[in-house]
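All heavy atoms count here, side chains included; hydrogens, waters and symmetry mates do not. Letters A, B, ... are given to chains in the order of the sequence lines, protein chains preceding strands, and every chain is numbered from 1.
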Amino acid sequence: MPDIIEGPPEKDDRLPPWPKRLMWFALLALGGSLATAIVAYGLRALLKL
Amino acid sequence: MTDLDALVLARLQFAFTIAFHIIFPSFSIGLASLLAVLEGLWLTTRRQVFRNLYLFWVKIFALSFGMGVVSGVVMSYQLGTNWSVFASASAPVIGPLLAFEVLTAFFLEASFLGIMLFGWKKVGPGLHFTATVLVALGTLISAFWIISANSWMQAPAGFAIQPDGSLLATDWWAVVFNPTFPTRLAHMALAAFLTTALAVGGASAFVLLRDPEQPESRMALRMAIGMFAIVAPLQLVIGHASGEMVRVHQPLKLAAIEAYWKTRPDQAQSLVGLPDREAAKTHAEIAIPGVGNLIQGVPKDTVIQGLEDWPREDWPVVGLVYWSFRVMVGLGLAMIGLGVWGVICCLRPGGEPDRWFLRASVLMAPMGFVAVIAGWIVAEAGRQPWVITGVLRTRDAVSPVGAGQVSASLLGFMIVYAIVFSGGALYILRLMGRGPAPEELAPTPEDRAPGTPMAAASGEPGDDDGEDGRGGEERP
C-alpha cells in the first residue's frame, strides 16, 4: 500500500506559485479544524443519546 | 458487591487507562519538538540525514499522536461515567481549562498535522516548517492546560464553594497559575523530552548494533545523547523545585513519599526500606540521619510533619508512593549517568559510542516511560484520599453506579486496549527496531510519495545520487 505521508519536494521539483501554496496551507488547516470539529461535535452528540 | 468495590474499580479503571494514555503524549510532545528541530536543521543545512530522520520519525509521531488522542478521549468520558460527582462539582473550574485545551491546543495540533503529513509538496518547505512548529507548539500548549487542571486538583486556588457544594472560580489567574503548576509543567515537559530522547537514542543504538555505519542512526544517537546529557541533570533541579512545592502545599504527600512517620525536626533521609502502614514504621530501612531537612531545603531545626499528624484513614498507600518515587528518582539518576557516559564516548578519540554504551542505551529506551508512570503514581496516589486536595474526597467524587457496571466497562477497556493499543505500540516498536528503511532514504520521485513500495521499486536509489542512494551530493 502506498505511504500516505508526503515527503519534501526534491531539488528538481518546481513548487507551485506562492499564492497557490498559501491557499493549500489555509485549506488544509481549515480542513483539519473542520474534521476535528465534526468528530468533537459527533462525540458530544453521542452523550445525548 | 459493595459501593466500596465500585470506588476501587473506578479508581483501577482510571489508573489503567491513564497509565496507557500517558505513554503516548509524553512521547508525542518530545517527538513533535524533535521533528521541528530536524526539519529546521534540514532547511538550514540541506543535509539529507536530517530529511531522512524526519521522514522516519514522522510516521512514528503520527501513530503515537493518533493513539494519544483516542486514549485521551476515553479519559474525559470516564469523568462522566465513573466520576460524575467530581465532574458536576468541579465543572465550573476544571471544565473551562479542559475546553481551552481543546480550543487552543488540540485544534492547533489537529489542523496543522494535516499539512505536516500530507502537504509538503503543496505548501512548500517554509510553510511546512511553520506547520511542524505549530504542531510542536500545540503539544506543549496541551500539556500547559492539562497540567494546570491537574495541579489545581493538587493545590486548589482561586475558587469558592457554593452553598450546594459546587465550586465557582473567583480568580482565573489563580486557578490557571495555581501554586504547584509552574514547576509541575516544567517537570512534565522535561520528562517528555527525556522520554523521547531515550526512546530515539535506544532505537538508534539498536540499529547501530546491527549496522554500526548507519548514518541516520549515528546522527540520531548523538542528538539523543546531547539531549539527555543536558536535560537529565536539569530535570533533577526542576524535580527538586517541584518537591519543595509538595512540601509547602501537600505535606501529607511528602510524608508518604519520604515515609516520615513522626513529626520532628532533623528528619532522616530514607533511601530504601519497606514501609509498614499498620505498624507506622519502615522495616529494613537504610537511611542517612540528619540530611532529610537538608534535602527538603529547610534548616535542620525546622519541624517537618510526619504521617502521625493526620488521621490514619487519611493516609495514602505509603508503600506505593514511597517506592514509585524511588523508582522515578533512581531512573532519573541512571539517565544522568547515561548522559555522562555518552558525552565521554563522544569526546574520546574517534568519538563513537562503544557497543556497551549502545546496549545500555537499548536497555534504557523504555525507562523514560517507566519513570513518567512512576511519577504520575507519586502525584496521584500521593494525593489520596482527596481528588481535590482538602475540598473533595475521592470516595465522595465517584458516580452512584454499581460495581457490576464499572467492572463491565473495565473489562471492556482491558480487552480493547490489549488489542488496539498493544497492537499499535508493537507496530511502533517494529518500525523503531527496523530503523530508517532504504525507501525512505531515496530521493522522492516527482509523482510519488517517498517511502512507498512504488518509489522504492522505481529504481531511483543510487541511480544519480551516489552509491547509497541518499542524495550523495548533499551529504556532509
Fit a plane to each ring of B:His128 and B:Trp120, take the angle between them on a 0 to 90° scale, and name the class: parallel (under 30°), tilted (30 to 60°) or perpendicular (over 60°).
parallel
Do the rings of B:Phe413 and B:Tyr417 sit parallel, tilted or perpendicular, given the 30° and 60° boundaries?
perpendicular
Chain A contact via B:Val73 - side chain, backbone, both or neither, heavy atoms under 4.5 Å
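It is the side chain, since no backbone atom gets that close.
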Identify which part of B:Phe118 has an atom lying under 4.5 Å from any heavy atom of chain A, answering side chain, backbone, both or neither.
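Both backbone and side chain.
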Under 3.5 Å donor-acceptor, B:Ser28 side chain and B:Phe65 backbone:
no
Check whether any side-chain N or O of B:Thr196 sits under 3.5 Å from a backbone N or O of B:Phe27 as a donor-acceptor pair, and report yes or no.
yes
Heavy-atom proximity to chain B below 4.5 Å, by part of A:Leu22:
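Both backbone and side chain of A:Leu22 come within 4.5 Å of chain B.
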Answer with side chain, backbone, both or neither: which region of A:Ala37 has an atom nearer than 4.5 Å to a non-hydrogen atom of chain B?
both
Among A:Ala35, A:Gly32, A:Ala29, which residue has the highest count of heavy-atom pairs closer than 4.5 Å to chain B?
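Heavy-atom pair counts peak at A:Ala29.
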So, do B:Leu53 and B:Met219 sit near enough that their side-chain heavy atoms are less than 4.5 Å apart?
yes
